[in-house]
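Report on one structure; see the data block that follows.
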Amino acid sequence: MTNSSDKMDKIVALCKRRGFAYPGSLIYGGFANSYTYGPYGVELKRNITDLWWKTFVRDMPDVFGIDGDIILHPKTWEASGHLEQFNDPMVEDRDTGHRFRADHLIEDQLGIDAEGMSLEEMTKLIRDKGVTSPTSGKTNLSEVKQFNQMFSTEMAKTSEGSKAYLRPETAQAMFLEFKNIVDTQRCKLPFGIAQIGKAFRNEITPGNFIFRRLEFEQMEIEYFVKKEEWEKYFDLWHQRMDDWCEMIGLNKKNVHIYEHPQEKRSHYSEKTIDIEYDFPFGRKELYGLAYRTDFDLTQHQKHSGQALHIHDEESGQKLVPHVIEPTFGVDRTLLALLVEAYQEEKLEDETERVVMKFMPRLAPVKVAVMPLMKKDGMTEKAHEVWKLVKIFGNCELDISGSIGKRYRRQDEIGTPVCVTIDYETLEDGSVTVRDRDSMKQERVKIDELEDTLRMKYFRVCHSEFISESHTTLNKKLNQR
Ligand code: GAP
């Protein structure tokens with residue numbers, strides 16, 4: 001295999017060539033770090049979010065889904081602390097006007113971890129050690145300032161004022177709706193609220209393809225527990241997140257845990273771990289798990305004047321629950337899956353192929369149906385077979401080009417199985433079934449095609465895996 005940055009370049013090129021993700025607004029010369037998911041990217045993304053929703057919402061009786069707004073009441077961000085605290089240290093190149101994350105420059109150029117340093121300390125270090133601007137190569141850098149990561153926008157004037165914010169995390173709507181969920185779903189502790197949606201961050205240095213974007217998608221759960229039980233549920237969700245990584249096909253050797261020291265934790269957290277992944281550009285945060293205490297609900301109580309508690313049947317008391325928050329980035333999941341799936345293989349005839357080995361459950365195309373030729377009724381037959389296999393999800397009718405080229409194309413898309421219609425099909429109703437990974441082919445009768453595909457590719461109900469471990473874990477925890 002190729003070296004790491006080579007691998008990343010090849011994945012980015014494949015994404016553009018095959019239709020997973022394109023640089024955004026290209027007809028206007030592109031737009032800073034914006035990407036559009038193409039037909040296969042959007043299918044892959046939807047498969048990720050569907051599987052997540054099934055696993056963590058539909059299959060968990062104590063987790064309730066919501067879909068809140070991107071623009072929430074501006075007081076939300078005062079209460080949550082984001083207005084004051086959601087900042088990155090920024091330094092500006094006085095010659096070019098380019099802006100950079102001060103802590104990243106210090107880390108990249110001096111090998112020093114600047115987390116927890118004050119702005120003054122960073123400014124002094126940058127000046128004393130001659131840190132340079134990556135664009136001009138000069139040391140003419142401004143002092144380090146705080147830069148708030150929230151995107152603001154103007155609303156038509158209301159009595160509250162006109163400034164509003166695009167949410168930087170999906171979490172807050174789940175705190176704002178806490179009481180509605182408790183009242184309508186008759187919840188008892190522990191229970192969770194889940195949401196999938198866009199979040200927006202004015203990142204000073206976005207980059208690494210879809211890894212750090214200005215707008216991205218999150219899948220988050222706020223899991224409400226009694227204070228004295230937070231550690232038990234932290235461990236449980238850690239286990240569930242590990243199970244999820246395994247379930248979506250991330251190799252265990254590429255997945256790591258990093259516990260944040262106190263100075264690196266967000267303002268609301270008393271314990272945070274990152275689930276990190278070995279991307280080609282380094283080991284980086286994939287997901288996070290935080291113990292948010294009762295910080296958010298307490299803050300919203302204070303700022304809204306509304307009571308946000310739950311009646312605890314056991315003690316007969318009203319209490320403000322504590323929160324365990326597992327958070328999953330959709331775009332980073334997609335990127336990790338692309339990295340994990342990408343394989344270059346040397347074939348027996350000395351040619352090479354690139355193949356994306358997605359697990360069938362997540363593959364953007366489940367089955368590609370191909371007529372050998374566009375004549376003698378083969379296309380019509382292929383259309384019939386395509387209708388039949390569509391029950392497995394998104395399937396493609398791949399008609400043009402030599403059959404060899406079509407197989408290579410489907411390998412690069414990561415289609416687990418191709419079905420070919422030829423003259424024999426017209427005579428005896430059999431088709432060729434070609435396996436992506438082994439490239440082996442077998443003849444199967446159309447009548448038996450659905451059963452064969454189900455048995456070989458689409459049988460595993462992955463989320464049972466987590467529910468099972470969930471039950472086992474709950475049992476284990478209760479035995480403690
Ligand atoms: N509610 C907690 C929260 O938002 P976070 O660690 O700041 O925590 C959660 O973000 C997840 O969102 C990250 O683990 C990552 O997967 C994803 N994420 C954060 N910033 C991102 C960005 N700029 N681009 C893409 N994904 C991002």
Side-chain angles (χ1 to χ4, degrees), residues 21 24 32-35 37 41 45 48-49 52 66 68 70 72 76-77 79-82 85-88 101 104 115 147-151 165-176 192-223 234 237-238 241 244-245 248 250 255-260 264-277 279 281 283-293 295-297 299 323-339:
N33 202 254
S34 118
Y35 291 94
Y37 288 119
K45 183 163 154 257
I48 294 166
T49 51
W52 188 91
I66 66 162
I70 283 170
L72 299 171
T76 306
W77 309 111
S80 69
H82 282 82
Q85 314 239 30
F86 198 55
N87 300 314
D88 275 339
R101 280 273 297 265
H104 288 179
E115 203 70 54
F147 179 78
N148 193 281
Q149 274 189 271
M150 281 201 294
F151 275 104
Y165 299 90
L166 306 188
R167 65 183 178 199
E169 59 170 4
T170 60
Q172 292 304 321
M174 296 186 264
F175 297 121
L176 302 195
I193 308 182
Q195 185 171 215
I196 298 180
K198 283 246 168 157
F200 301 80
R201 290 184 193 177
N202 206 346
E203 300 278 3
I204 300 165
T205 42
N208 282 327
F209 192 36
I210 52 173
F211 178 81
R212 193 180 305 283
R213 309 186 62 189
L214 304 183
E215 58 172 283
F216 55 97
E217 219 159 304
Q218 292 183 319
M219 309 181 281
E220 294 196 299
I221 298 160
E222 306 307 323
Y223 199 71
F234 193 95
W237 279 101
H238 182 181
M241 293 179 90
W244 163 263
C245 291
I248 61 172
L250 300 184
V255 179
H256 311 271
I257 298 301
Y258 167 74
E259 179 162 354
H260 287 218
K264 284 198 179 187
R265 289 200 295 258
S266 303
H267 58 277
Y268 49 72
S269 170
E270 266 192 25
K271 176 171 172 144
T272 299
I273 57 170
D274 283 348
I275 296 190
E276 297 185 319
Y277 180 76
F279 291 99
F281 43 85
R283 187 172 292 177
K284 303 274 176 205
E285 176 186 348
L286 175 65
Y287 303 139
L289 175 63
Y291 167 42
R292 286 182 85 125
T293 68
F295 175 84
D296 300 88
L297 288 181
Q299 283 294 104
V323 171
I324 304 298
E325 181 195 61
T327 174
F328 304 69
V330 178
D331 307 72
R332 287 188 191 178
T333 308
L334 199 148
L335 183 55
L337 290 179
L338 289 169
V339 171

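Note that the coordinates shown come from a computational prediction; the quantities given were computed from them, not determined experimentally. Atoms considered below: every heavy atom in the structure, side chains included; atoms not considered: hydrogens, waters and symmetry mates. Start at 1 and go down the list; that is how both ligands and their atoms are numbered.
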Return yes or no for this condition: an N or O of [X] is under 3.5 Å from an N or O of ligand 1.
| X | value |
| --- | --- |
| Phe211 | yes |
| Gly329 | yes |
| Asp331 | no |
| Thr327 | no |
| Leu286 | yes |

What part of [X], side chain, backbone, both or neither, has a heavy atom within less than 4.0 angstrom of ligand 1?
| X | result |
| --- | --- |
| Tyr287 | backbone |
| Arg292 | side chain |
| Tyr268 | side chain |
| Arg212 | both |

Validation row, ring centre Phe209 to ring centre Phe211 under 6.0 Å: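 No: the rings miss the under 6.0 Å criterion.
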
Hey, is the main chain of [Y] close enough, under 3.5 Å, to the side chain of [X] for a donor-acceptor pair?
| X | Y | result |
| --- | --- | --- |
| His267 | Ser80 | yes |
| Arg101 | Asp88 | no |
| Gln195 | Gly68 | yes |
| Asp274 | Lys284 | no |
| Ser266 | Tyr268 | no |

Do Tyr287 and Thr333 have side-chain heavy atoms sitting under 4.5 Å apart? yes

Is Trp52 close to Ile221 at the side-chain level, that is, under 4.5 Å between some pair of heavy atoms?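 A side-chain contact exists here, since the closest heavy-atom pair is under 4.5 Å.
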
Return yes when Phe200 approaches ligand 1 closer than 4.0 angstrom through a heavy atom, no otherwise. no

Any idea how Tyr277 and Phe279 line up, ring-wise: parallel (<30°), tilted (30 to 60°), or perpendicular (>60°)? perpendicular

Protein contact of [atom] - nearest heavy atom, named by residue and atom, plus distance:
| atom | value |
| --- | --- |
| atom 12 (O) of ligand 1 | Gln218 NE2, 3.3 Å |
| atom 24 (N) of ligand 1 | Arg213 N, 2.9 Å |
| atom 13 (C) of ligand 1 | Glu285 OE2, 3.2 Å |
| atom 5 (P) of ligand 1 | Arg201 NH2, 3.8 Å |
| atom 18 (N) of ligand 1 | Phe216 CE1, 3.4 Å |

[X] heavy atoms, cut-off 4.0 Å: which ligand 1 atoms fall inside?
| X | result |
| --- | --- |
| Glu169 | 1 (N), 2 (C), 3 (C), 4 (O) |
| Glu325 | 1 (N), 2 (C) |
| Glu220 | 1 (N), 2 (C), 3 (C), 4 (O) |

Side chains of Glu220 and Thr170: any donor to acceptor distance under 3.5 Å?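 Present: a donor and an acceptor within the cut-off.
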
Ile275 and Ile257: CA distance, side-chain angles, deciding distance, side chain to side chain contact (heavy atoms under 4.5 Å, CB included) verdict: CA-CA 5 Å; Ile275 296 190; Ile257 298 301; 3.9 Å; yes

